[in-house]
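Right, one structure below, let's go through it.
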Amino acid sequence: MRIASWNVNSLNVRLPHLTQWLQSFAPDVVGLQETKLEDPRFPDDALAALGYRSVFCGQKTYNGVAILARERAIDQVQYGIPGFEDEQKRAIAATVGDVRIVNLYVVNGQDVGTEKYGYKLRWLEAVRAWLADELVRHPRMVVLGDFNIAPDARDVHDPTVWNDGHILTSAAEREALQRLLALGLHDAFRLHREDAGIFSWWDYRQAAFRRNLGLRIDLTLVSDALRAHAVEADIDREPRTWDRPSDHAPAWVRLSA
DNA sequence: ATGGTGGGTAGCCCA
């Protein structure tokens, strides 16, 4: 089964793209970020018509996350990070089949040293504590989402710009990601790929996509128990070529039975 | 160093 993550940058605008992509790619599970929709406006009927059930947790204008599953029940839904007060709708978890799915829209952080950057690091620490507990009860886990962190120099188009001191690549952010991986999680893409220059996000400005000036910040992490089952992982650049696209492309992992 | 583009929303914030 294929499990994907996609920051759609407004589901209201991108529902036609999501529809097209669900029909062509046919993922089994999808985590969406930046839906930017309050729950009553979530298009669950339109997705159901395509065969996808959905659970979601959104707000007006900003943030918003959802989990979709094709012809499968979605159980044990967790909205937000347990015990962490947060007005921003950035986390949702649920069980599909025998796999626990955790979908994260990690804080962007604006700039190193800002108040939002502090919130990003606190938020990531809350996620770490949550996942440590979650993994005990759900060893078969996929943690996916827009991490707003490029793991290493291979994941940025220009390492002389994107390094310590820069948001999305600062040492503290990368260390926070490493602390998540240290729980027993693995970047599925890097289980099979060592190449640099494969990205999931390209700025809308300066023709960044055409010039492949991107970052790999959308990740699918698999737990120790699923590591051997994660037989393939990639990023589907195609929706980024469509008219009026999201600035992110879907990242996905395929789990063998 | 700045500002470039896009989304949501109603004069800006956020990415």
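Bear in mind that the values here come from a model prediction, so they are computed numbers and not experimental data. In what follows, chains are A, B, ... by sequence order, proteins preceding strands, each numbered from 1.
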**Prompt:** How far does the C1' atom of B:dG7 sit from the matching atom of B:dG11, given to the nearest Å?
**Reply:** 15 Å

**Message:** What is the separation between atom CG on A:Asn148 and atom P on B:dC14, rounded to the nearest whole Å?
**Reply:** 14 Å

**Fill in**
Nearest-nucleotide check on DNA chain B, A:Trp201 vs A:Tyr204; residue mapping nearer the 5' end is A:Tyr204

**Request:** Figure out the NE2/P separation between A:His248 and B:dG6, and round it to whole Å.
**Result:** 15 Å

**Fill in**
Closest of B:dG7, B:dT9, B:dG4 to the A:Asn9 side chain is B:dG7

**Prompt:** Do NZ/NE/NH1/NH2 and the carboxylate oxygens of A:Asp28 and A:Arg254 come within less than 4.0 Å?
**Reply:** no

**Message:** With rounding to the closest Å, how many angstrom separate the C1' atoms on B:dA1 and B:dC12?
**Reply:** 23 Å

**Message:** Base, sugar-phosphate or nothing for A:Arg211? Non-hydrogen atoms, less than 4.0 Å.
**Reply:** nothing

**Request:** Give a yes or no on whether the ring-centroid distance for A:Trp21 and A:Trp242 is below 6.0 angstrom.
**Result:** no

**Request:** Using a 4.0 Å heavy-atom cut-off across all strands, classify A:Phe209 as base, sugar-phosphate, or nothing.
**Result:** nothing

Taking only nitrogen or oxygen atoms into account, show me every contact under 3.5 Å that the protein makes with nucleotides 1-3 of chain B, one pair per line with its distance.
residue: B:dG3; atom: N2; partner: A:Gln206; partner atom: NE2; Å: 3.2

**Complete:** Testing B:dT9, B:dG4, B:dC13 for proximity to the side chain of A:Arg205, the answer is B:dG4

**Asked** A:Asn108 and A:Tyr119: side-chain donor and acceptor closer than 3.5 Å?
**Response** no

**Request:** May I have the distance from A:Asn108 (atom CG) to B:dG7 (atom P), rounded to whole angstrom?
**Result:** 17 Å

**Fill in**
Separation of B:dC14 atom P from A:Glu115 atom CD, nearest Å, is 10 Å

**Prompt:** Can you tell me if A:Asn9 and A:Ser246 form a side-chain donor-acceptor pair at under 3.5 Å?
**Reply:** no

**Message:** Would you measure the distance from the P atom in B:dT9 across to the matching atom in B:dC13 and give it in whole Å?
**Reply:** 16 Å

**Request:** For A:Asn63 and for A:Arg244, locate the closest nucleotide of DNA chain B by heavy-atom distance; then report the residue assigned to the nucleotide nearer the 5' terminus.
**Result:** A:Arg244

**Request:** Check the distance between B:dC14's C1' and A:Gln33's CD and give it to me in whole angstrom.
**Result:** 16 Å

**Message:** Can you tell me if A:Lys60 touches the phosphate of B:dT9, counting only side-chain N or O atoms and a distance under 4.0 Å to OP1 or OP2?
**Reply:** no

**Residues A:Asn212 and A:Trp202: side-chain donor-acceptor under 3.5 angstrom** = yes

**Prompt:** Would one find more than 12 heavy atoms of other residues, nucleotides or ligands at under 6.0 Å from atom NZ of A:Lys89?
**Reply:** no

**Request:** Report the residues that fulfil side chain to side chain donor-acceptor pair (under 3.5 Å) with A:Tyr117, sequence neighbours left out, ordered by chain and then residue number.
**Result:** A:Ser170

**Item:** Rounded distance (Å) that lies between atom C1' of B:dG6 and atom CG of A:Asp243
**Value:** 13 Å

**Prompt:** Does the A:His192 side chain pair with the main chain of A:Ala230, one donor and one acceptor, at a distance under 3.5 Å?
**Reply:** yes

**Message:** If I take atom CG in residue A:Leu32 and atom C1' in nucleotide B:dG7, what distance separates them, rounded to the nearest angstrom?
**Reply:** 16 Å

**Request:** For B:dC14 versus B:dA10, give the span between their P atoms, rounded off to a whole number of Å.
**Result:** 14 Å

**Asked** Once you round it to whole Å, what is the distance between P of B:dA15 and CH2 of A:Trp162?
**Response** 13 Å

